K.L.:
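Pasting a structure below so you can have a look.
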Amino acid sequence: TVVRADYEARGVNLAEDFSVEYALAAPKADALAVTTHRDANEPGFFEASTLLRLPPAAAGAASVQRTIVALFDTSLSMQWEKLERSYQALERLLRSLKAGEQFNLLLFNTEVAAMSPGPVAASPDAVENALKFVRESRLRGGTNLQAALEAGLKQTGPNPYLVLLGDGGATSGIIQNGKLAEWYLARWNQVAGKQRPRTYVFAVGDDANVALLKMLARVNGAMEHVRSTEPIDFKLNAFLSKIGRDPVERLQFFTPAPAVGLVYPLDETVFPGSVASWVGTYGANTRTPFSVRGVRENAPFEARTTANLPAVNAEHPDLPRTWAKARVDALLERIERQGESAALIDEIVRLARKYKF
């Protein structure tokens, strides 16, 4: 989504960061919009987007009490700014807990150390003890992420959330991204239904293993990634606001048109009140139906539209590059799960060169 705005003023000293806030128009919620771009003698590209309505009951509903199991990386790879940002995220997370909620904290490097055998009530004293537990620990060894996830899945409590804070760099246990993600999904499915946690990941650092962390967060959760040069507050606030909310589930994009293909979602996880988008390609210029279906707040919903797929349209020149990036991300994940092939590598290189990313 591209938002364009103009600002005009006189006598303004821009000595501080300039920020803009905007809101999405509620009357357009649950409406599916389609934009296109096609150059002559090239395939066409489209983006389909819908603003998912926030149900009135959800907006004013009382918060559900949570059980938070925080996994905090204390391996040597977390030194300097990554450790500071992870600690800041942990502190904000724990101090956001309310009376009646509970939590546990697991520190992990080559080994896993738990603050408590099981979750404890989120009292001010317990939160301070947890933060002291981190401050008195030392960075050491490698990263056994598999052992940390295994220990986290053994924690039980009502409405559980497994919150991983770190860079996702596994050096012992299962270390191959695709295999570790497959193991975690299989192990998660072995947990009793109501005890299966939502998996939330706050990734830190320029070298964060985003490919793996995205796959882990798809297990009924969400991910946020903060690089070393980014301000942390906005992304951290957005991340924390999602813990305790249910994302839209079983969200799928449909079109019966055989000329439409290679469709990819632009958003890993979508919550009510936010925008879900897909990009794809098309061949024939026809009038085509599109629809989006999913489950929101335990109720099914659907958004539909019919759009023209023109033979030539130069209004959205950014669309081909957006699609190419989504295509490359999908190919890279296929490599993570299935291994490299010459055809996959060649296509990735070709798209990266053509669209300059």
Side-chain angles (χ1 to χ4, degrees), residues 1-6 22-56 58 214 218 222 247-297 299-331 333-334 347-348 350-352 354-357:
T1 301
V2 177
V3 178
R4 294 184 176 90
D6 295 321
Y22 66 93
L24 300 172
K28 295 186 177 181
D30 288 350
L32 189 59
V34 177
T35 57
T36 63
H37 181 89
R38 188 170 191 176
D39 296 321
N41 303 317
E42 290 284 340
F45 300 90
F46 73 88
E47 179 176 344
S49 301
T50 181
L51 169 60
L52 300 171
R53 190 185 307 279
L54 183 65
K214 278 184 178 180
R218 288 200 193 114
V248 177
E249 299 179 334
R250 300 197 291 277
L251 190 60
Q252 292 180 295
F253 175 85
F254 298 93
T255 178
V260 172
L262 298 176
V263 179
Y264 302 100
L266 294 183
D267 313 281
E268 289 288 331
T269 307
V270 182
F271 288 80
S274 60
V275 175
S277 300
W278 292 260
V279 289
T281 63
Y282 69 88
N285 53 308
T286 60
R287 189 163 173 80
T288 303
F290 297 93
S291 65
V292 171
R293 303 170 195 167
V295 177
R296 173 183 52 201
E297 302 292 334
F301 77 93
E302 183 174 13
R304 296 185 177 207
T305 193
T306 300
N308 290 319
L309 300 180
V312 176
N313 179 14
E315 294 181 357
H316 301 92
D318 56 305
L319 261 180
R321 189 174 188 271
T322 300
W323 172 86
K325 184 64 169 62
R327 170 69 175 167
V328 166
D329 287 344
L331 295 176
E333 180 167 330
R334 187 186 303 180
E347 184 174 359
I348 290 171
R350 178 180 62 80
L351 290 172
K354 181 175 181 179
Y355 295 104
K356 298 180 175 58
F357 57 79

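Residue numbers start at 1 and run along the sequence shown. None of these values were measured; they are calculated from a predicted model.
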K.L.:
Please tell me if the side chains of Leu52 and Arg296 come closer than 4.5 Å, counting only heavy atoms from C-beta onward.
P.N.:
yes
K.L.:
Go through it in stages, so that I can follow the logic: the residues are Glu42 and Lys354, the test is salt bridge (charged side-chain N to carboxylate O under 4.0 Å, His left out), and I'd like the CA-CA distance, side-chain angles, deciding distance and then a yes or no.
P.N.:
CA-CA 13 Å; Glu42 290 284 340; Lys354 181 175 181 179; 3.6 Å; yes
K.L.:
Of all heavy-atom pairs between Ser277 and Asp267, which one has the smallest distance, and what is that distance?
P.N.:
N-OD2, 2.9 Å
K.L.:
Within this structure, what is the OG1-CD distance for the pair Thr36 and Glu315, rounded to the nearest 0.5 Å?
P.N.:
7.0 Å
K.L.:
To the nearest 0.5 Å, what is the distance between CG (Leu319) and CZ (Arg38)?
P.N.:
13.5 Å
K.L.:
For Gln252 and Trp278, which heavy atoms make the closest approach, and how far apart are they?
P.N.:
C-CZ2, 4.5 Å
K.L.:
Which value, rounded to the nearest 0.5 Å, describes the distance between Leu251 atom CG and Phe301 atom CZ?
P.N.:
5.5 Å
K.L.:
Run the side chain to side chain donor-acceptor pair (under 3.5 Å) test against Asn308 and tell me which residues pass, sequence neighbours left out.
P.N.:
Arg287
K.L.:
Kindly indicate, with the supporting measurements, whether the criterion side chain to side chain contact (heavy atoms under 4.5 Å, CB included) is fulfilled by Val295 and Val248.
P.N.:
CA-CA 6 Å; Val295 177; Val248 177; 5.9 Å; no
K.L.:
Can you check whether Glu47 reaches Val34 side chain to side chain, under 4.5 Å on heavy atoms?
P.N.:
no
K.L.:
Applying side chain to side chain contact (heavy atoms under 4.5 Å, CB included) to Arg327 and Glu347, what does each step give before you reach the verdict?
P.N.:
CA-CA 10 Å; Arg327 170 69 175 167; Glu347 184 174 359; 2.8 Å; yes
K.L.:
Please determine if Arg53 and Glu297 form a salt bridge, counting it only when a charged side-chain N lies under 4.0 Å from a carboxylate O.
P.N.:
no
K.L.:
With the side chain counted from C-beta on, respond yes when Val312 and Asp39 share a heavy-atom pair under 4.5 Å apart, and no when they do not.
P.N.:
no
K.L.:
Taking the side chain as C-beta and beyond, is there a heavy-atom pair between Thr306 and Thr288 under 4.5 Å?
P.N.:
no
K.L.:
So Thr281 and Val260, do their side chains get closer than 4.5 Å, heavy atoms only?
P.N.:
no
K.L.:
Which heavy-atom pair separates Ala330 from Tyr264 by the least distance, and what is that distance?
P.N.:
CB-CE2, 3.5 Å
K.L.:
Under 3.5 Å, side chain of Ser274 to main-chain N/O of Val270, donor-acceptor pair present?
P.N.:
no
K.L.:
Apply side chain to side chain contact (heavy atoms under 4.5 Å, CB included) to residues Asn313 and His37 and explain how you reach the verdict.
P.N.:
CA-CA 5 Å; Asn313 179 14; His37 181 89; 5.6 Å; no
K.L.:
If the threshold is 4.0 Å, N to carboxylate O, is there a salt bridge linking Asp30 and Arg304?
P.N.:
no
K.L.:
Return the CG to OG1 distance between Leu309 and Thr286, rounded to the nearest 0.5 Å.
P.N.:
5.0 Å
K.L.:
What are the two closest heavy atoms between Tyr355 and Arg321, and how far apart are they?
P.N.:
O-NE, 3.0 Å
K.L.:
Between Lys214 and Glu333, is there a side-chain N and carboxylate O pair less than 4.0 Å apart?
P.N.:
no
K.L.:
What heavy-atom pair brings Asn285 and Ala311 nearest, and what distance separates the two atoms?
P.N.:
CB-N, 3.4 Å
K.L.:
Restricting to non-hydrogen atoms, name the atom on Thr50 and the atom on Ala31 that form the minimum distance, rounded to 0.1 Å.
P.N.:
OG1-O, 3.3 Å
K.L.:
Applying side chain to side chain donor-acceptor pair (under 3.5 Å), can you list everything that pairs with Lys325, at least two apart in sequence or on another chain?
P.N.:
Asp329
K.L.:
Measure the spacing between CZ of Phe46 and CH2 of Trp323 and express it to the nearest 0.5 Å.
P.N.:
11.0 Å
K.L.:
Taking the six-membered ring for Trp, are Phe253 and Phe290 ring centroids under 6.0 Å apart?
P.N.:
yes
